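Remarks on the structure that follows.
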There are 2 protein chains.
Amino acid sequence: MNSEAMRLTLRMTKALADIQRVRILMMMGAGELCVCQVIEVLTLAPSTVSKHLSILTAAGLLDSRKAGRWMYYRLPEGSAGEWVRPVLKWLGEMLKNEPVVVQDAKKMKMVVACDPQSLCRRQRRGE
Amino acid sequence: MNSEAMRLTLRMTKALADIQRVRILMMMGAGELCVCQVIEVLTLAPSTVSKHLSILTAAGLLDSRKAGRWMYYRLPEGSAGEWVRPVLKWLGEMLKNEPVVVQDAKKMKMVVACDPQSLCRRQRRGE
DNA sequence: GCTATGATTCGCCACATAACGAATTAATAA
DNA sequence: TTATTAATTCGTTATGTGGCGAATCATAGC
């Protein structure tokens with residue numbers, strides 16, 4: 001840890017200090033998700049969700065992968081997530097019975113069931 | 001954990017999302033401190049420091065004790081700090097070599113050396 | 001090339017928050 | 001009681017942040 005430590009730490013804690021971003025992290029426990037899937041669960045504007053995802057990524061709390069037009073986000077694996085995992089574990093234990101989180105998980109199941117393509121099409125038509 | 005969990009969690013993460021409050025938490029590792037000592041190290045207005053301390057306390061990250069005119073703050077002990085300790089440990093490891101934190105610790109030694117009474121008197125006269 | 005489309009960036013607005021000094025509170029000391 | 005004093009609360013200001021829609025970017029498909 002060098003003099004960047006504080007900057008990095010605050011980037012993380014600030015990233016965690018928002019309910020939508022916490023909800024996203026909890027959702028990601030189930031595996032990687034594309035942006036439109038996160039939009040569907042949070043029911044926020046695409047631009048808003050994209051911003052949240054970029055903040056989480058900049059904080060090292062998410063990794064991303066581009067596949068064609070789709071962007072997939074997931075929890076960081078391996079050594080990349082060493083500093084992150086304890087935080088996520090702590091969050092998970094704090095929130096495992098939180099209604100919002102449980103509800104999001106349920107909605108996630110529905111969303112993962114239909115493929116992203118048809119999901120985005122529905123979104124374009126306005127739900 | 002009930003439906004309050006998210007509120008509590010966000011109160012904690014928001015409390016951690018500020019550099020002055022992180023500095024305060026790191027300082028408290030050395031033991032309980034009165035407000036004027038924290039003021040001395042952070043070199044911020046008393047009202048500002050008081051606010052930070054109240055935010056940390058409301059988040060469960062600090063306990064307080066009143067002794068005469070002095071108010072002492074410390075890290076929560078025993079079962080009260082069960083959810084807090086892992087976070088503080090994580091913070092401590094992230095920041096143990098952070099210049100600001102090291103410098104604060106050094107200043108703390110000087111501050112603890114002189115008694116609070118004379119410290120506050122000096123502050124009143126404007127450093 | 002052109003169009004369609006998933007995602008991001010930009011500009012804006014409303015609201016939250018950190019900082020200060022002044023006023024207030026609570027407790028000691030005169 | 002009155003004055004002093006450590007801390008807090010209040011009011012104000014400047015800055016930061018979350019939200020949206022419009023515009024833009026990047027890739028797939030025609």
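Just so it is clear, the structure is predicted and the values come from calculations on it, not from any experiment. Letters A, B, ... mirror the listed sequences (proteins, then strands); counts begin at 1.
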How many whole angstroms separate atom [atom1] of [X] from atom [atom2] of [N]?
X: A:I19; N: C:dA16; atom1: CD1; atom2: C1'; result: 16 Å
X: B:M71; N: C:dT28; atom1: CE; atom2: P; result: 14 Å
X: A:I39; N: C:dT5; atom1: CD1; atom2: P; result: 15 Å
X: A:D18; N: C:dT17; atom1: CG; atom2: P; result: 11 Å
X: B:I24; N: C:dA18; atom1: CD1; atom2: P; result: 11 Å
X: B:K51; N: C:dC20; atom1: NZ; atom2: P; result: 13 Å
X: B:L10; N: C:dT17; atom1: CG; atom2: C1'; result: 15 Å
X: A:Q37; N: C:dG6; atom1: CD; atom2: P; result: 12 Å

Worksheet item: OP1 or OP2 of D:dT8 sitting under 4.0 Å from any side-chain N/O of B:Y73?
Response: yes

Worksheet item: Does A:T48 put a side-chain nitrogen or oxygen below 4.0 Å from OP1 or OP2 of D:dC20?
Response: yes

Worksheet item: Distance-only, no hydrogens or angles: does the B:W70 side chain make a donor-acceptor pair with backbone N or O of B:C36 under 3.5 Å?
Response: no

Fill in: Side-chain donor/acceptor of B:T9 to backbone N/O of B:A5, under 3.5 Å
yes

Give each protein N/O atom lying under 3.5 Å from an N/O atom of nucleotides 23-26 of chain C, with the pair distance.
residue: C:dA26; atom: O3'; partner: B:K66; partner atom: NZ; Å: 3.4

Which atom names give the shortest non-hydrogen contact between [X] and [Y], and what distance separates them?
X: B:E82; Y: B:P86; answer: O-CD, 3.2 Å
X: B:W90; Y: A:W83; answer: NE1-O, 2.9 Å
X: B:V84; Y: B:P76; answer: CG1-CG, 4.1 Å
X: B:L88; Y: B:L75; answer: CD1-CD2, 3.9 Å

Atom pairs and distances, side-chain donor-acceptor, residues 21-32 of chain B, under 3.5 Å, sequence neighbours left out:
residue: B:R21; atom: NE; partner: B:A15; partner atom: O; Å: 2.8
residue: B:R21; atom: NH1; partner: B:H52; partner atom: ND1; Å: 3.1
residue: B:R21; atom: NH2; partner: B:K14; partner atom: O; Å: 3.1
residue: B:R23; atom: NE; partner: B:D104; partner atom: OD2; Å: 2.7
residue: B:R23; atom: NH1; partner: B:Q20; partner atom: OE1; Å: 3.0
residue: B:R23; atom: NH2; partner: B:D104; partner atom: OD1; Å: 3.0
residue: B:R23; atom: NH2; partner: B:D104; partner atom: OD2; Å: 3.4
residue: B:E32; atom: OE1; partner: B:R65; partner atom: NE; Å: 3.2
residue: B:E32; atom: OE2; partner: B:R65; partner atom: NH2; Å: 2.4

For the side chain of [X], counting heavy atoms from C-beta on, which of [options] is nearest?
X: B:V35; options: D:dA7, C:dC20, C:dA7; answer: D:dA7
X: A:S47; options: C:dT17, D:dA7, D:dG21; answer: D:dG21
X: A:H52; options: D:dG18, C:dA7, D:dA22; answer: D:dG18
X: B:S50; options: D:dT17, D:dA7, D:dT8; answer: D:dT8

Worksheet item: Looking for any heavy atom pair under 4.0 Å, which part of the strands does A:L44 touch: base, sugar-phosphate only, or nothing?
Response: sugar-phosphate

Worksheet entry | Comparing B:L53 and A:A45 on DNA chain D - which has the more 5′ nearest nucleotide | B:L53

